[in-house]
Amino acid sequence: MPATEEKLVRLDPAEIKEEMLRKYPPKVARRRAKQILINEALENSTPEITANVRTIPGIITMRGCTYAGCKGVIMGPTRDIVNITHGPIGCGFYSWLTRRNQTDASAPGAENYMTYCFSTDMQDKDIIFGGEKKLEAAIQEAYDLFHPKGIAVFATCPVGLIGDDIHAVAAKMKNKLGDCNVFAFSCEGYKGVSQSAGHHIANNQVFRHLVGLNDQGRPGQYRISLLGEYNIGGDGFEIDRILTKCGITNVATFSGNSSYDQFTSAHTADLNAVMCHRSINYVADMLEIKYGIPWIKVNFIGAGAAAKSLRKIAQYFGEQALMDRVEEVIAEEMPAVEAVAAEVRPRTEGKTAMLFVGGSRAHHYQELFKELGMRTISAGYEFAHRDDYEGRQVLPGLKVDADSRNIEEIEVEPDQSRYSPRKSEEEIKALAEAGLQLKKYDGMIPGMESGTLVIDDLNQYEAEKMVEMLKPDIFCAGIKEKFSVQKLGIPMKQLHSYDSGGPYAGFKGAISFYREIDRLVNSKVWGYLKAPWQENPELSASYVWE
Amino acid sequence: MPATEEKLVRLDPAEIKEEMLRKYPPKVARRRAKQILINEALENSTPEITANVRTIPGIITMRGCTYAGCKGVIMGPTRDIVNITHGPIGCGFYSWLTRRNQTDASAPGAENYMTYCFSTDMQDKDIIFGGEKKLEAAIQEAYDLFHPKGIAVFATCPVGLIGDDIHAVAAKMKNKLGDCNVFAFSCEGYKGVSQSAGHHIANNQVFRHLVGLNDQGRPGQYRISLLGEYNIGGDGFEIDRILTKCGITNVATFSGNSSYDQFTSAHTADLNAVMCHRSINYVADMLEIKYGIPWIKVNFIGAGAAAKSLRKIAQYFGEQALMDRVEEVIAEEMPAVEAVAAEVRPRTEGKTAMLFVGGSRAHHYQELFKELGMRTISAGYEFAHRDDYEGRQVLPGLKVDADSRNIEEIEVEPDQSRYSPRKSEEEIKALAEAGLQLKKYDGMIPGMESGTLVIDDLNQYEAEKMVEMLKPDIFCAGIKEKFSVQKLGIPMKQLHSYDSGGPYAGFKGAISFYREIDRLVNSKVWGYLKAPWQENPELSASYVWE
Amino acid sequence: MLLRHTPEEISLRQALTINPAKTCQPIGAMYAALGLHGCLPHSHGSQGCCAYHRSTLTRHYKEPISAGTSSFTEGASVFGGQANLLQAIENIFTVYEPEVVAVHTTCLSETIGDDLPQIIDKAGKEGKIPSGRQVIYANTPSYVGSHVTGFANMVKGMARLAESTGHKNGKVNVIPGWVEPADMEEIKRLAALVGAPIILFPDTSGILNGPLSGEFKMFPEGGVTISQLKSAGDSVGTLALGEWCSAEAARYLDANNKVPCRILDIPIGLKATDRFVDALRIISGVSVPEEVNHERGQLVDMISDMHQYFYHQKVALAGDPDQLIAMTEFLVSIDMWPTHLVTGTPGKAFEQRIRDLTAELPYEVNVKAEQSADLFLLHQWIKKEPVDLLIGNTYLKYIARDEDIPLVRWGFPILDRVGHQYFPTVGYKGGLRLLEKVLTALLDRKDRDDPEQSFELVM
Amino acid sequence: MLLRHTPEEISLRQALTINPAKTCQPIGAMYAALGLHGCLPHSHGSQGCCAYHRSTLTRHYKEPISAGTSSFTEGASVFGGQANLLQAIENIFTVYEPEVVAVHTTCLSETIGDDLPQIIDKAGKEGKIPSGRQVIYANTPSYVGSHVTGFANMVKGMARLAESTGHKNGKVNVIPGWVEPADMEEIKRLAALVGAPIILFPDTSGILNGPLSGEFKMFPEGGVTISQLKSAGDSVGTLALGEWCSAEAARYLDANNKVPCRILDIPIGLKATDRFVDALRIISGVSVPEEVNHERGQLVDMISDMHQYFYHQKVALAGDPDQLIAMTEFLVSIDMWPTHLVTGTPGKAFEQRIRDLTAELPYEVNVKAEQSADLFLLHQWIKKEPVDLLIGNTYLKYIARDEDIPLVRWGFPILDRVGHQYFPTVGYKGGLRLLEKVLTALLDRKDRDDPEQSFELVM
């Protein structure tokens, strides 16, 4: 889009960065400077960015809290576990049906508690005298009403402070109830620096209390698990459709459209395909160490990326039949995708996008915009770590700060009975030589153009500044950002909730995303911002009668 | 209701009448005076009223026109005849689904054209060059689209003036189409003085073109036809329910919920029960003369009246089995009715009503109000004749004026093949001695209290005056009157359309009417007419703070 | 099915109209006349016409509609209705004491050829019209045009009262067209906000959305006054909103009173309202206050907020030309797709205007404006090419139920819902209301039909 | 079924809340603070609280909601949040330049025991608060009361700005309670019509229903100003609309500034609006203009016109005490039957008031105001005793779909429809809108369910 090109040429990224920082108090400016990176095409290294650090008080951040990451993101999508929030009513209320992680509970007799909000609704006396008794009673009431397979307890801020031992209560009730797995999450909102800590706390407990309980995993020839896919807007449904079409069995999804039994049998899969690296890569590692399941990074966002991911999976299993089937499926699916792309591209070609969301979407969605001929001129994550920006090679060097130190890292070792390496050292080396690197992720930065801005934990002020300066054709973030951006006349697409759209994953998802972006950037409404008398205020010309 | 009592005492009816007339120009006052009658309990005669005379131009009448009476009232309720209005679009449009004559077209394959409006939509060229060709084409188009059993054509004002011979066109098309009975109605709006002329024109044609065509009437032991029941709000359904329960077969209803075949086989019934005397008594006479079917006046409006009517029918057939069954049914139905009456009466007892509607409802509905303990303090018809007010004994003496003269009276004589008197002279005499007088109707007046006002063709001005003076608790008329009355704070019940209520006939109908009147006269809204500051405008008292 | 006999196959009809998308002239004249202060409309014809018009208007407004009739008899229709009308005029002024009587003809009196000006003149000469009172008239043959034509004719009848003193009054005549009382109120509010002094006629606000207070006012407050109409001849110009409803009166004022005019669309939707406001501020030489920009911005805001839900939704519409034109422009302007349109009011210009407004759609719309452009045809089009939404009067509910398509009631008559009397659909606020109604219809349907797995909390 | 696990049988719950009919205090404080001109609300707690409140308010209003957070870390929650708040205040005034920062606490900072007045005082002393700028505060422990309590607390925080000069300003303070921006606008319009000069606080009109114009104003026009709030101490009196939302602030002004007060219901429906208007005209010693009587009469008119359709229809409601009280009175006043009511905001007085308002019903209503008064219980009541209509926030749509009962969205939050931002439900016009919505819900259902033989054209 010429207008934007021009701006990009005129405005040197350094000026933009400077402009964004100018107004800050010195201390703030210094800290933010480290999280705003001007991408340069370095020989064979990736520029360093500061990430996963505290948000500065008073700065209007996009971030949420640990509870949100734990209860909202990771555990929310599981339909048949009763999730009880232990705390005042708010946290439970706000995380009630507000994410669009869809679930398919249509099977006869299927349980689905996702439409419910369960809370101990702590009152002042509970804060003063402690809430354990109430929690215990709440678990009992939930059990008596629903007799679920599992009950999960989530701690909110005050719980840690008043010293309720939710794990002891959970253990006691699990013991008492007998046929119900009760477990708890110390996901108080103040822990860590963002949702990310919550993901970690959640995944640790899933690994500890659920994985490995059930050796009867979903049968199939090529058995994988999908890690870090949350079925927002039905993404997981589309991915499952494609996998099934290819003859690949999805044993367990962490945690979109998931059920209790999927988690407990996840250790029986032969490959873990990681979608959202940020929220779950450590689970992939633990599954490999404890059960011998290798993992690869995949990305089903973008038709090309989806095809690539399918080929990687096929390559991993190494059987011709599967590779052929995957090619057949891709050949079947792509024409429809390309047809829509071809129809839409003339209206999107050359337009620019900004993406600030999550721990992997800001990266993944650049694929879809590329397929639309759109350029990502700035991007960043809300709660990611350096490895998500720069690649896993930085992991060893990451220093653990005060905030991360408190987030438990589980030490795992091979499971006596269940450890069985799916691939031998040699096979793994062979795969690597054939181009399939296991547990590899290069992060977002390498894929981005030089001169683009990579910004971690972007805040409202910086967003507004940047949009005003760079006038992107579309801006992607979350609900809190949607309308401040749109007030500026720039269409805004939510990439947490997808607004009310989706799926955008896989082939059908690509098609709906193309159409959605077409709708957004070409909506007539952006031409109505000014009234005629605002465009031509002069009254000189007297009225023209018939 | 004390308040009203008082008013009745205070206001002498003569004063009221005088007050209503005071403002009129002398000529108008003279004419209206004859149509406003103060009821007096005369020894053994009924006071005379002037009715079925022209409405004075410029006076805002309740009346409609001949077309409305013919197409709207009489022919409208028949589901399987295509009714084509020959004229400009308006008449067809306004009579499109605007009466609540319900029909049961649920039988598989049943035809129902009542939801459709068919019109030749005459344009100026049709007025100038004549509309016969267009009418002919319209009939053909209707036939090609629907292949109905019958097509009826209705003339609107201009048709008569420009001399379209609709009967010739109808005959021609009937002949041409072969399997479709096409007939026409010269029901131009300017004919007669009210809808009444339209009823007559419609009934004549039904009698001439339909009755007698089909000797296979609905089988049954006690076979009657219901004349002058239009199934508004489902009245006819309720009456049919009761008749069926009693073992009485309704061969044909004129014309509520009727079908082509009912009309054509109506001559096979053994008794005609006349509901609306005004709109159809002459058809009853014709059916008797031509086919030998006696008729009695019935009234299913009011539980007591319904019971009485059932007994009359049973008495007519004279068989014990039927009489017993009728008593059983009444005994079964009445308790529910009486229970509701008992519940509602404390809230309606002593209240007053005014009824100005139709040709029989203003009479029939007084029964229901009586059952609620309510007094009818004024009533009148919109389009009735003297016999409907005073009783059939006045018929011989009625002088035929210019307006009536143009409304055809069919001369009928016994049908060669089909005439068979259902009762012999002796039987009829015996029935009379036993108290069942055939073809007897005493009209509205004898049933009304002395001092009440009987007003023919009441107009808006008089209605307003009277309501202001007598403050009835409820006023009954039609849609045009509804809101001018309610603006005065008096609940108004439509007795043409029943608002959206009904059925009110029979036993279940009585119950719903009791509840409806309870709702209307006791609605809280009538207490909200004045705001607090209108009731206590003085500001003297300064505001009372806590 | 309620309309079980309607076939999908469309056959040519040249004589039979089925389920009309129009009615006849006189009711339009009656509605217009009710927008004149102290006016009693009078129907010069059989009493059935008057009864039908009063009933229809009453059902639409749930308000008393008073009007007189000449109560033609057979005699009158042979010898002419002069005697009836003279008698009616005398009785009306004596009994009801209106300030104006607005007489319109019917197919009957037109066919006979009654000469209204002559009869009214005679009534005047015979002293049947009290001094200071007026009798205006319109010829409204039912067999020409439609209710819209009748409305336009009576509005022209009002324009005939205009007088030119030679001194401009600094006002703008605004002829709102056939819109609801609430719309007329909104147009006045908007003009006042802009700071443009206007004379609005007709003006049914306050008359057909009156209070319940225990008194029946045959002639409520509200309505344009005779003196205002007289002064309309001195206005600086006339804005006629709607070619079909308002242009004739405006052109009459131009020709007879040298009051220049401009024909705009009815201000329904963003763009038409922009044009109306822009015209007002230029004529009056005022600058548009922030308050108006704020209201406008709110409408733009709602369009952007909810765009995803109405984007490319197909709509079938039935109604009157001026309203359909404005609505079509509005729908297209928010990326909706008006797909089938019928109006019984004839006019090739209408069809062309709709084609122009919808030129950018990926397909050619079905649009027809003539005798056979009825709801029967619309239904057949819908059977062939289904739509997501219906917009039109209450009669569309039969199609809506049979075809299971949500219906937004808009236009005339609305016999089964309330709200149109009180809430405008013109102006920016009206746009908000229309959008809300469209969205409610579409989102209620979505909530009904979404599979449980994608049942949405947030929309 | 969406709520397939909800049994009809009701079992006692003392610890577990399921599907709450309330949320926590801070969001109420945040909403109230947005009704202050140039104010940035600030959440003193973990950043998740702020994120949740902003998200919920954004979904409800489809507008940007700006607010700061102290972004507590584990350290802060051990050593206290003073450092965070001081830093936040400095950053906020430097970067966003608000006129006021309205700080509210959270369960976290309350449990720690942070002392807001002391910290704010310190910030002032350290020059972190630019001169002329303000920091107000409210203690809003999430484990006490509900979002309603938080709203009331922040409104009281505003009242603390009131100053008494000893010279009365002739104005009336009106505390509208938790109503929509459109409602606050309507209250101002009504007061202006009556001719009563008022100070309305909070006032979110113009702030949370803003235009789309190409610019993002973090602090839009609108909102009560600091100087108005200061002057509130000189007002002749305070009308607090709603015991739960507004009384505390009013009583504070009474006690501290000798401004007498009166607690009225929120003016929803005919009677409550009558009382509000009557109070205004008596206090201001003005007589109510015809225009108000006219609006009032229109509402009475619609009640009478459509009475047959809502007469004795049973309604289940969930919401907040002040709103439910006014709505219940309105429903009863038009002969509807509120049958089940829940609010998560505790208050025996509420239950008693509802019982009094519904005393005339032929049965005792189900009403509960406590922790276990949640939508789960409401749903169980409905299964036992079905109703014709649901009135409440968007979360009721799950019950509505499962039980096939029409839902009128009203209250907070409304996440899936628009209109509440723009069209008031208070005042007489608001009553018209509520009636229209109720009627649309009931009549649409009737049209859907009527057998064909009684499908109605006219309603």
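What's counted below: heavy atoms across the whole structure, side chains too, no hydrogens, waters or symmetry copies. Throughout, protein chains are lettered first and strands after them, A, B, ... in sequence-line order, and every chain is numbered starting at 1.
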Side chains of [X] and [Y], heavy atoms from C-beta outward: is any pair under 4.5 Å?
X        : Y        : result
D:Arg13  : A:Leu145 : yes
A:Cys117 : D:Pro20  : yes
D:Tyr61  : A:Phe483 : no
A:Lys480 : D:Ile65  : no
A:Asp121 : D:Lys22  : yes
D:Thr58  : A:Lys482 : no
A:Tyr190 : D:Thr73  : no
D:Tyr395 : A:Phe93  : yes

Is it the side chain or the backbone of [X] that comes within 4.5 Å of chain A heavy atoms, both, or neither?
X        : result
D:Met1   : neither
D:Pro413 : side chain
D:Ala67  : backbone

Most heavy-atom pairs under 4.5 angstrom with chain A, which of D:Cys50, D:Gly344, D:Ser71, D:Gly68?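 Most heavy-atom pairs within the cutoff with chain A belong to D:Ser71.
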
Testing the 3.5 Å rule here: is there a donor-acceptor pair between the side chains of [X] and [Y]?
X       : Y       : value
D:Thr23 : A:Tyr94 : yes
A:Tyr67 : D:Ser46 : no
D:Gln47 : A:Thr61 : no

Taking all non-hydrogen atoms of both residues into account, name the closest pair between D:His5 and A:Phe146 and its distance.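 Shortest heavy-atom contact: O-CE2, 3.4 Å.
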
Determine whether a donor-acceptor pair (N or O, by modelled atom type, separation under 3.5 Å) exists between the side chain of [X] and the backbone of [Y].
X        : Y        : value
D:Tyr96  : A:Tyr461 : no
D:Asn91  : A:Pro57  : yes
D:Tyr52  : A:Gly90  : no
D:Arg4   : A:Gly109 : no
A:Glu141 : D:Ala15  : yes

Which atoms of [X] come close to chain D, meaning under 4.5 Å heavy atom to heavy atom: side chain ones, backbone ones, both, or neither?
X        : result
A:Ala110 : both
A:Ile84  : side chain
A:Leu161 : side chain
A:Glu111 : both
A:Thr98  : both
A:Arg54  : side chain
A:Gln123 : both
A:Ala402 : neither
A:Val193 : backbone
A:Ile127 : side chain

So that I can tick it off, tell me whether D:Glu97 and A:Lys23 are bridged by a salt bridge, with the cut-off set at under 4.0 angstrom between side-chain N and carboxylate O.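 D:Glu97 and A:Lys23: salt-bridged.
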
Would you call A:Lys487-D:Glu63 a salt bridge at under 4.0 Å N-O?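 Looking at A:Lys487 and D:Glu63, the cut-off is met.
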
Hey, what do you get for [atom1] ([X]) to [atom2] ([Y]), rounding to the nearest 0.5 Å?
X        : Y        : atom1 : atom2 : value
D:Cys107 : A:Asp124 : SG    : CG    : 12.5 Å
D:Ile112 : A:Cys157 : CD1   : SG    : 8.5 Å
A:Phe118 : D:Ile18  : CZ    : CD1   : 5.5 Å
D:Ser213 : A:Leu488 : OG    : CG    : 9.0 Å

Top contributor to chain D contacts, counting heavy-atom pairs under 4.5 Å, from A:Ile139, A:Asn112, A:Asp403: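 Most heavy-atom pairs under 4.5 Å with chain D: A:Asn112.
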
